[in-house]
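Remarks on the structure that follows.
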Amino acid sequence: MTIDYTGLYINGDWTPSSGSNVIDVISPTTEQQIGSVPEATQSDVDDAVEAARAAFDGPDGWGSWAPSRRAEVLGRFADELESRAEETSSRVSSQNGMPIQLARQFEGGFPPVLLRYFGDMAAKQEDEIRPGMLGGSTLVTRSPIGVVGAITPWNVPQAITFLKLAPALAAGCTVVLKPSPETVLDAFLMAEAAIAAGMPAGVLNIVPGGRELGAYLVSHPGIDKVSFTGSTAAGKSIARTCGEMLRPVTLELGGKSAAVVLDDADLAANIESFFAATLLNNGQICWLGTRVLAPRSRYAETVDTITDLAKGLKIGDPLSDDTQIGPLVSSRQRDRVEGYIEKGKGDGGRITTGGARPGSMDTGWFVEPTVFADVQTGHTIAQEEIFGPVLAVIPYDDEAEAVKIANHSDYGLGGSIWTADPDRGAQFARRIASGTVGINGYVNDPTAPFGGIKNSGIGRELGPEGLASYQQLKSIYLDVR
Ligand code: NAD
């Protein structure tokens, strides 16, 4: 049985699309169709933006509500999502190949947490009176930016959506969301939860479509801010449009982070955390440390440990509880990953495990977890984002060289340091050019700002900084004479 929708979630209810195109969703495991949704047109985007605008600043608009009143709605939204968490997780796994255990954590579990966290944070915020230097004082207020255009990728669709939705809605913004065509069924389930929660009409609208529709939304005159997660190429194009329009934009883009193994590390003892920091979600996460830097003094041993890890991973149906590596999202993505594997070989990398499609799978866009040894920092697979289960292990002589190699990248998003001495790890992390770094693991905590530098993006999500990015500051100078 396939999951098929006939309407779009615009202005609080299911509305027919003004066009007749349909987005078919194909399972990367079975290669069969598993559902469909109507594709939104530009005219649907116009309607969605108009609805979001009316919901924002109409009479009793969402933007003028007390934050605590908004938090109540977000709390109900969280409850409704929670009651659908298992269905959300399985829809995501079925669409993009994410192993179900991970989907339960990220996709089913994270969104309600974020809604409650940001709802509560906004409800507790107060205007500030700041004593001045010139005799008076200043009232500093925060108000919502307005209508947000949010564009999301397919790899972690629900968690990434809520990195945007939760702070935007809590701040008082209304949202037009364009999900990725590969993962739309979870977004439509989210719309069901919003309706059940009594979300006021127009506060959230969903317009599924491809990149042209995304570009149309980015440049729409009714949008006040754009929040984008996706590839660096698309991010640059969006930044150009927003620059021309002086439109605020948050960009969470690609990565090629370093996992630096220091000479005192016991990698084998931390192997589960190392897997999570380097190969999670079939290698399809932006912050993964896919360049592993290993000390030359312990190079062979480190390569062996990582090879054993990759060899032992259970490849299979992402809906099975014990699967650790599922298929890649599409045949196009598999072609891309296989292209990088060929490039890695051509550049002189030595494959220690993987490098092919698993023989055991008849259907599905699978690639074996693959480890390359003898990689140099100039090799393509050490510089470009592969977005698949492929690790490149690069040797270094001393700490200074490790820092140099780690920072020899156009990206700067994640990273990790592996060491027996956490203080040493934290000191080393300060020298890494990246927005986030983990010590002996990598977990994005909701309270900590997350985002990248260089080609990995502009701006931060999560933490108080994530909420601030959907707010305007206003200074009202008091007692001025
Ligand atoms: P993508 O850039 O092709 O697409 C992402 C989304 O943007 C999709 O909804 C797509 O339809 C839309 N889009 C594409 N081009 C657009 C344009 N010019 N204007 C407006 N919208 C456009 O990326 P993808 O292949 O779906 O996702 C993988 C990429 O996302 C990887 O590079 C990954 O590193 C990155 N990513 C980054 C983060 C982060 O937080 N930094 C998180 C997840 C994924």
Side-chain angles (χ1 to χ4, degrees), residues 23 39-40 42 45 92 95-98 106-107 110 149-164 176-184 186-187 206-220 223 226-242 244-245 247 249-257 280-290 328-330 332-337 340 384-388 409-415 434-436 442 444 448-462 466 469:
I23 297 173
E39 183 175 9
Q42 292 188 353
V45 172
V92 171
Q95 293 173 108
N96 73 359
M98 178 184 289
F106 278 15
E107 303 291 271
F110 214 31
I151 298 177
T152 50
W154 45 261
N155 61 332
V156 193
Q158 280 297 294
I160 289 175
T161 293
F162 279 88
L163 292 186
K164 305 177 187 319
V176 178
L177 168 72
K178 193 207 77 65
S180 195
E182 289 85 353
T183 44
V184 278
D186 53 297
I206 305 176
V207 286
R211 58 186 50 193
E212 293 78 19
L213 199 74
Y216 183 73
L217 178 63
V218 167
S219 63
H220 199 288
I223 294 289
V226 172
S227 182
F228 172 76
T229 298
S231 61
T232 296
K236 284 185 176 176
S237 157
I238 289 168
R240 277 193 290 275
T241 305
C242 291
E244 191 57 42
M245 303 177 88
R247 175 165 288 177
V249 60
T250 299
L251 299 167
E252 297 287 359
L253 310 177
K256 186 76 194 180
S257 303
L280 209 61
N281 199 26
N282 322 326
Q284 299 174 135
I285 304 186
C286 51
W287 46 251
L288 290 174
T290 51
L328 300 177
V329 69
S330 61
R332 193 172 61 101
Q333 186 69 13
R334 182 176 62 178
D335 291 347
R336 184 184 138 99
V337 171
Y340 276 115
E384 296 186 11
E385 183 179 51
I386 299 175
F387 233 51
S409 173
D410 289 339
Y411 296 106
L413 183 58
S434 179
T436 61
Y442 186 98
N444 329 79
F450 169 77
I453 62 171
K454 300 192 269 186
N455 275 354
S456 292
I458 296 176
R460 293 292 180 268
E461 296 187 306
L462 293 174
S469 75

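Every number for a ligand or one of its atoms is a count from 1 in the order of the listing. We're numbering straight along the sequence, starting at 1.
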For K164, side chain to side chain donor-acceptor pair (under 3.5 Å) partners two or more places apart
S227, T229, E461
Would the distance check show the side chain of S231 and the main-chain N or O of G254 forming a donor-acceptor pair, the cut-off being under 3.5 Å?
no
Within the 4.5 Å heavy-atom criterion, are L462 and L163 side-chain neighbours or not?
yes
Minimum-distance pair of heavy atoms, taken over all atoms of A187 and P179
CB-CG, 4.0 Å
State whether the side chain of R460 and the backbone N or O of G435 hold a donor-acceptor pair below 3.5 Å, judged by distance alone.
no
Specify the closest pair of heavy atoms between S409 and K256, including all atoms of both residues, with the distance to one decimal.
OG-O, 4.1 Å
What short N/O contacts, under 3.5 Å, does ligand 1 make with the protein, listed by atom pair and distance?
from, atom 1, to, atom 2, distance (Å)
ligand 1, 2 (O), S231, N, 2.8
ligand 1, 2 (O), S231, OG, 2.6
ligand 1, 3 (O), R211, NH2, 3.2
ligand 1, 9 (O), T152, O, 2.8
ligand 1, 9 (O), K178, NZ, 2.9
ligand 1, 11 (O), K178, NZ, 2.9
ligand 1, 23 (O), S231, N, 3.4
ligand 1, 25 (O), W154, NE1, 3.2
ligand 1, 26 (O), W154, NE1, 3.0
ligand 1, 30 (O), G230, O, 3.3
ligand 1, 32 (O), E385, OE1, 2.6
ligand 1, 34 (O), E385, OE1, 3.3
ligand 1, 34 (O), E385, OE2, 2.6
ligand 1, 41 (N), L253, N, 3.2
ligand 1, 41 (N), L253, O, 2.7

